[in-house]
A.B. asks: 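Questions regarding the structure given below will be posed in turn.
Quantities reported herein were computed from a predicted structural model and do not represent experimental measurements. Quick note: residue numbers are just sequence positions, from 1.
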Amino acid sequence: MRRISSILAVASIVLISAMQRADACTNVIVTKGASADGSCMVTYAADSHALYGELYFHKAAKWKAGSWLDITEWDTYRPTGKIAQVPYTFQTVGNMNEHQLIIAETTWGGREELADPNGIMDYGSLIYITLQRAKTAREAIETIVALANEYGYPSEGESFSIADTEEAWVMDLVGKGESEKGIVWVARRIPDGYICSHANQCRITRFPMDDPENCLFAPDVISFAREHGYFEGEDAEFSFRDAYNPLDFGGARACDARAWSAFNILCEGQFTYMENGVEVTRPAMDWIEYVMGHDLNGEMPLFVKPAKKVTVKALADVMRDHFEGTPMDMTQDIGAGGNALPYRWRPMSFEWEGKTYVNERAIATQQTGFWFVAQARGWLPDEIGALLWFGVDDAATSYLTPIYACTNEVPECFQVGNGNLLKYSPTSAFWLCNRVTNACYKMYNQMAPYVQAEANAFENAQMGGAVQAQDEKLLKLYGKGGKRALRKVRKAATAYSVDTAQKQFAAWQKLDEILLVKFMDGNVKAQNEDGTFKHTEYFEGSPAEIGHPHYTDFWKKAVALFHGTTVEQR
């Protein structure tokens with residue numbers, strides 16, 4: 001996904017699958033020692049042109065002996081089979097459960113021959129079923145492995161982010177192919193005080209084989225690679241990534257570049273990491289040739305220490321990144337048009353005069369179905385501590401709203417079945433956010449800051465004190481003890497989650513109307529401090545001030561160089 005302004009032609013053969021993945025996702029994982037409030041946090045942008053943004057909700061339930069669970073492949077709706085149900089399942093809201101367990105993912109493909117078309121447990125089913133069955137991150141790893149090995153795994157290679165109130169893990173896994181059921185895998189615990197990020201490229205290379213507190217792996221992870229010709233050498237030299245998802249231009253430029261950008265933001269340009277047991281600090285730009293795909297030697301650190309403790313707001317804003325301020329800045333080339341649009345429509349590559357070119361793929365992207373920042377807050381009871389900041393559509397021009405995982409219901413605007421990709425719903429947040437976001441794409445540098453200011457005001461209010469005040473109210477109810485108190489906690493948490501989400505939905509509906517009025521036809525109508533539009537003294541329906549913003553200087557220069565006619569030449 002190479003920038004047009006600094007474009008370098010590459011042979012068509014370089015455009016491997018990683019470059020073509022239009023549904024690529026991004027995760028950032030923050031340990032409790034690296035967070036400002038002591039929570040473990042995970043972000044996820046579920047990016048797919050075919051994914052509808054809605055909030056999945058499953059209440060806790062008891063099941064009769066002999067019950068079966070029908071499995072449907074998450075991202076295709078294809079039925080794959082059924083598995084034995086367990087006696088009791090936990091409540092889940094999105095990618096979090098009532099015990100503060102969080103699971104997210106990014107897909108990296110890997111070796112095509114390792115997919116098992118006969119497997120039942122696709123990667124999405126592994127996530128959502130595991131959330132119903134596991135309480136901790138380690139239990140989740142065990143459950144994922146057990147389900148995939150028993151029922152078969154039909155998906156591509158995956159990286160999972162798994163966190164609870166105490167630990168955060170990154171797990172890489174891939175199937176064994178049609179002839180052998182199950183997966184090979186490795187999971188590494190992120191050192192407390194550090195962060196991790198992955199984005200559709202396997203990130204675990206070499207790993208400790210004698211440290212079960214911090215590293216778990218399949219017993220045949222190396223022998224399987226040897227048998228299939230993926231690895232030769234001493235066990236100590238084994239790299240999971242190199243064996244099962246070898247890095248290439250696409251894996252670096254389209255995928256690891258996003259992980260690097262998240263690190264770059266949270267580390268403020270300086271990567272501090274462990275190397276041979278010693279903490280080392282180097283400029284983030286030391287890896288720029290690597291993530292741009294120019295030099296694939298070496299590797300980027302798997303874990304880095306942030307420059308300061310990470311707040312939930314800072315983490316949310318990372319998910320809005322378009323490589324701003326870096327050599328891959330998507331606002332700074334002719335592809336951004338005259339209004340600095342940091343998006344490139346698909347396909348992500350194009351050919352010209354026998355050569356193939358590619359565009360960048362940033363963290364924020366137009367095809368996001370839903371996104372979130374999940375917090376496991378261990379100093380609070382599970383009924384209060386499990387908090388999901390949930391949003392839909394493009395993270396850069398949408399908002400996150402708090403949802404307590406103990407809720408009794410999901411806000412109408414996020415409910416499953418409230419519209420779909422082929423059916424518009426005026427009560428759906430996904431469709432409303434798409435209206436706002438797609439409006440911004442026509443005059444991005446004028447409209448997006450206006451929308452972002454509204455999102456920031458809401459998020460700052462919620463993250464800066466409103467949720468804390470609600471936590472305190474819930475704690476008072478919880479402190480009374482007993483089942484009745486828990487019912488009151490759930491009722492109050494539900495009311496807060498639903499009311500907050502629906503009020504912000506109504507505010508976004510008003511914003512949608514204002515955007516049309518304010519920016520219609522490329523004009524910008526002035527507003528008063530209270531938000532009303534300025535009008536003439538003669539008629540309140542006649543704008544007093546109408547601005548006509550210029551195109552960017554980069555665009556003007558490019559047009560002038562390509563086919564410009566000056567006034568003097570007429």
A.B. asks: Classify the side-chain pair W185/Y153 by whether it contains a donor and acceptor separated by less than 3.5 Å.
C.D. replies: no

A.B. asks: Can you tell me how the ring of Y444 sits relative to the ring of Y343, calling it parallel under 30°, perpendicular over 60° and tilted otherwise?
C.D. replies: perpendicular

A.B. asks: Do the ring centers of W287 and F263 come within less than 6.0 Å of each other?
C.D. replies: no

A.B. asks: For K313, does the NZ atom sit with more than 12 other heavy atoms under 6.0 Å from it, leaving out its own atoms?
C.D. replies: yes

A.B. asks: More than 12 foreign heavy atoms under 6.0 Å from CZ of R435: is that the case here?
C.D. replies: no

A.B. asks: Quick one: are L266 and V28 in side-chain contact, heavy atoms under 4.5 Å?
C.D. replies: yes

A.B. asks: For residues F217 and F207, establish whether the separation of their ring centroids is below 6.0 Å.
C.D. replies: yes

A.B. asks: Nearest 0.5 Å, please: how far is CH2 in W260 from CZ in R253?
C.D. replies: 10.5 Å

A.B. asks: Mind checking side chain to side chain donor-acceptor pair (under 3.5 Å) for D530 and listing every partner two or more places apart, or none if nothing turns up?
C.D. replies: T532

A.B. asks: Take the angle between the ring planes of F90 and Y88 and call it parallel below 30°, perpendicular above 60°, tilted in between.
C.D. replies: perpendicular

A.B. asks: With a 3.5 Å cut-off and sequence neighbours excluded, list the donor-acceptor pairs that the side chains of residues 373-389 form with protein atoms.
C.D. replies:
| unit_1 | atom_1 | unit_2 | atom_2 | d |
| --- | --- | --- | --- | --- |
| Q375 | OE1 | W389 | NE1 | 2.9 |
| Q375 | NE2 | D37 | OD2 | 2.9 |
| Q375 | NE2 | S39 | OG | 3.0 |
| R377 | NE | G385 | O | 3.1 |
| R377 | NH1 | D471 | OD2 | 2.7 |
| R377 | NH2 | I384 | O | 2.8 |
| R377 | NH2 | D471 | OD1 | 3.1 |
| D382 | OD1 | Q100 | NE2 | 3.0 |

A.B. asks: Charged N to carboxylate O under 4.0 angstrom, E98 versus R490?
C.D. replies: no

A.B. asks: Could you walk me through whether E454 and K510 pass the salt bridge (charged side-chain N to carboxylate O under 4.0 Å, His left out) test, one step at a time?
C.D. replies: CA-CA 11 Å; E454 296 295 317; K510 182 64 176 177; over 6 Å; no

A.B. asks: Where is the tightest heavy-atom contact between Y52 and G419, given as atom of each residue plus distance?
C.D. replies: CE2-O, 3.2 Å

A.B. asks: Any chance you could lay out the salt bridge (charged side-chain N to carboxylate O under 4.0 Å, His left out) test for R138 and E213, step after step, and finish with the verdict?
C.D. replies: CA-CA 10 Å; R138 289 177 187 266; E213 279 300 304; 3.6 Å; yes

A.B. asks: Do E412 and F505 make a side-chain contact, defined as non-hydrogen atoms from C-beta onward lying under 4.5 Å apart?
C.D. replies: no

A.B. asks: Starting at CD1 of I403, measure out to CD of E409 and round the result to the nearest 0.5 Å.
C.D. replies: 10.5 Å

A.B. asks: Taking the side chain as everything from C-beta on, heavy atoms only, tell me whether Y450 gets closer than 4.5 Å to Q527.
C.D. replies: yes

A.B. asks: Evaluate the ring planes of F414 and F390, with Trp represented by its six-membered ring, and classify them as parallel (under 30°), tilted (30 to 60°) or perpendicular (over 60°).
C.D. replies: perpendicular

A.B. asks: Is the shortest side-chain heavy-atom distance between L421 and L51 below 4.5 Å?
C.D. replies: no

